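First comes the structure, then the notes that go with it.
Letters A, B, ... mirror the listed sequences (proteins, then strands); counts begin at 1. Small disclaimer: the values here were computed from a predicted structure and weren't measured.
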Protein chains: 2
Amino acid sequence: MSKVSLYQHIKDHIVQGIGAGRWKPGDRLPSESELVVSFGVARMTVNRALRELADQGRVRRVAGVGSFVAEPRPQGTLLRIASIAADIQARGHVHECRVLAAQAAPLPAECALAMGMEVGESAFHSECVHLESGVPVQYEDRWVNPRQAPDFLAQDFSRIPPGDYLVASVPYDEIEHVVDAVLPTREQARHLAMGRQEPCLLLQRRTWYQNETVTLVRCWHPASRYRLGSRFTV
Amino acid sequence: MSKVSLYQHIKDHIVQGIGAGRWKPGDRLPSESELVVSFGVARMTVNRALRELADQGRVRRVAGVGSFVAEPRPQGTLLRIASIAADIQARGHVHECRVLAAQAAPLPAECALAMGMEVGESAFHSECVHLESGVPVQYEDRWVNPRQAPDFLAQDFSRIPPGDYLVASVPYDEIEHVVDAVLPTREQARHLAMGRQEPCLLLQRRTWYQNETVTLVRCWHPASRYRLGSRFTV
DNA sequence: AAGTGGTCTAGACCACGGT
DNA sequence: CCGTGGTCTAGACCACTTA
């Protein structure tokens with residue numbers, strides 16, 4: 001009983017196949033006619049799925065040749081959803097995620113408004129501190145729409161951080177970032193082992209899937225230990 | 001003898017109509033069936049044109065109601081080079097640019113390194129404070145590669161801010177943004193009329209043209225009066 | 001009830017590239 | 001030559017909104 005459209009189902013199948021490493025950048029994807037057979041749909045439907053992936057730059061199509069997985073474009077923290085665990089490991093350091101909270105809770109007004117949900121509606125809430133080789137670098141406060149990620153609370157966040165789980169398992173098609181500079185609360189300063197007069201870089205991210213909010217996350221970073229960046233060609 | 005596709009032709013027609021002011025934001029566009037008649041094409045062709053415009057956010061479609069010109073989407077300071085003057089005026093406020101400095105000077109080591117130029121090499125330097133209806137919102141410190149923008153110092157920055165001049169007159173093909181949270185120096189706090197314990201959002205931008213740095217600019221914003229953001233579809 | 005957009009079908013013709 | 005993607009057609013059914 002899928003309520004998603006056929007073309008979306010095909011898109012998801014391909015995106016997931018790429019994400020799972022079943023197809024790597026440069027690999028050839030099944031042709032339209034092959035997908036027509038394997039999904040039992042009309043060619044226009046397959047065509048739309050592949051065309052939209054090509055428009056997004058995830059697939060490169062060459063008439064007369066075939067469809068191929070595109071090279072991922074390198075992007076900074078502000079242009080994608082960064083995995084703090086992967087970033088830390090890429091720097092050769094050890095990542096640790098301390099889970100402070102992970103349960104269902106009624107949405108506070110401010111978050112409900114930001115997520116387009118009802119005040120007091122039950123949603124999933126998690127709080128974590130991420131450490132880089134023992135030094136805290138991020139305090140993460142997250143709310144998750146249970147309709148989009150019903151299995152969220154069943155995860156072990158000390159093994160796979162909330163953000164990594166969501167990126168890997170829950171689809172999204174739109175991202176908003178808002179960056180602020182703030183001073184930490186007493187609690188935050190304690191968790192981040194920083195002074196209360198030191199500034200924090202606050203990154204708030206909202207993601208949507210088909211116009212419904214998936215997650216609202218606010219990440220506080222001690223500015224002395226973390227920066228945000230992006231680089232792109234115009 | 002049109003060499004463009006039919007759906008592209010319909011897209012162009014609508015985009016041009018919006019650009020020419022024939023349809024304004026919120027206005028209702030012709031329905032699919034009306035466009036089918038006026039262009040003499042199949043409904044799928046019209047549908048593709050409107051759907052792609054909706055995907056780009058230029059058109060908002062409501063099933064059962066119609067298609068409408070979308071409100072122009074604020075793209076966010078982090079994904080483009082924002083004109084602070086235009087942003088302030090778009091909010092209905094008055095922009096003023098106080099020029100603190102504008103001359104050639106030897107590059108300090110830190111900036112030379114960031115720009116890939118020689119330490120002590122002569123470059124153009126400007127410092128400005130931008131005010132929104134009299135309230136300072138940005139302190140801007142800029143270095144410019146004289147090879148890329150030889151006429152930089154001949155401009156009147158109180159009329160056209162340095163950034164607006166460069167965007168309009170000097171080409172670039174790559175942008176890097178780095179965001180930091182810092183406390184202001186005594187000088188900066190004075191120029192921005194803020195307390196020294198209030199955090200600043202620091203946006204550093206570098207631009208390149210054909211692998212040569214065009215400009216390095218650092219903009220300090222009182223966090224209580226300014227945020228950075230971006231929103232995009234993946 | 002009538003009109004809208006959302007999706008899907010089963011064909012079709014074309015330009016292109018590799019065999 | 002044949003398979004590829006790019007485009008287009010002329011229908012269709014559906015859910016939805018508005019009158």
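- The nearest pair of heavy atoms linking R22(B) to D27(B) is O-OD2, 4.4 Å.
- Applying the salt bridge (Lys or Arg N to Asp or Glu O under 4.0 Å) test to D87(B) and every residue at least two apart in sequence or in another chain returns R80(B).
- With sequence neighbours left out, the side-chain hydrogen bond (donor to acceptor under 3.5 Å, both in side chains) criterion links W208(B) to T213(B).
- Under 3.5 Å, the side chains of Q8(A) and D12(A) contain a donor-acceptor pair of N or O atoms.
- Ion pairing of E132(A) with R91(A) is present here, as a side-chain N (NZ or NE/NH1/NH2) and a carboxylate O approach within less than 4.0 Å.
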What string of B, S and - do you get for nucleotides 5-14 of chain C, 5' to 3', if B is base contact, S is sugar-phosphate-only contact and - is no contact with any protein heavy atom under 4.0 Å? BBBBBB-B--
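- Taking atom CZ of residue R60(A) and atom P of nucleotide dC16(C), one finds them 18 Å apart after rounding to whole Å.
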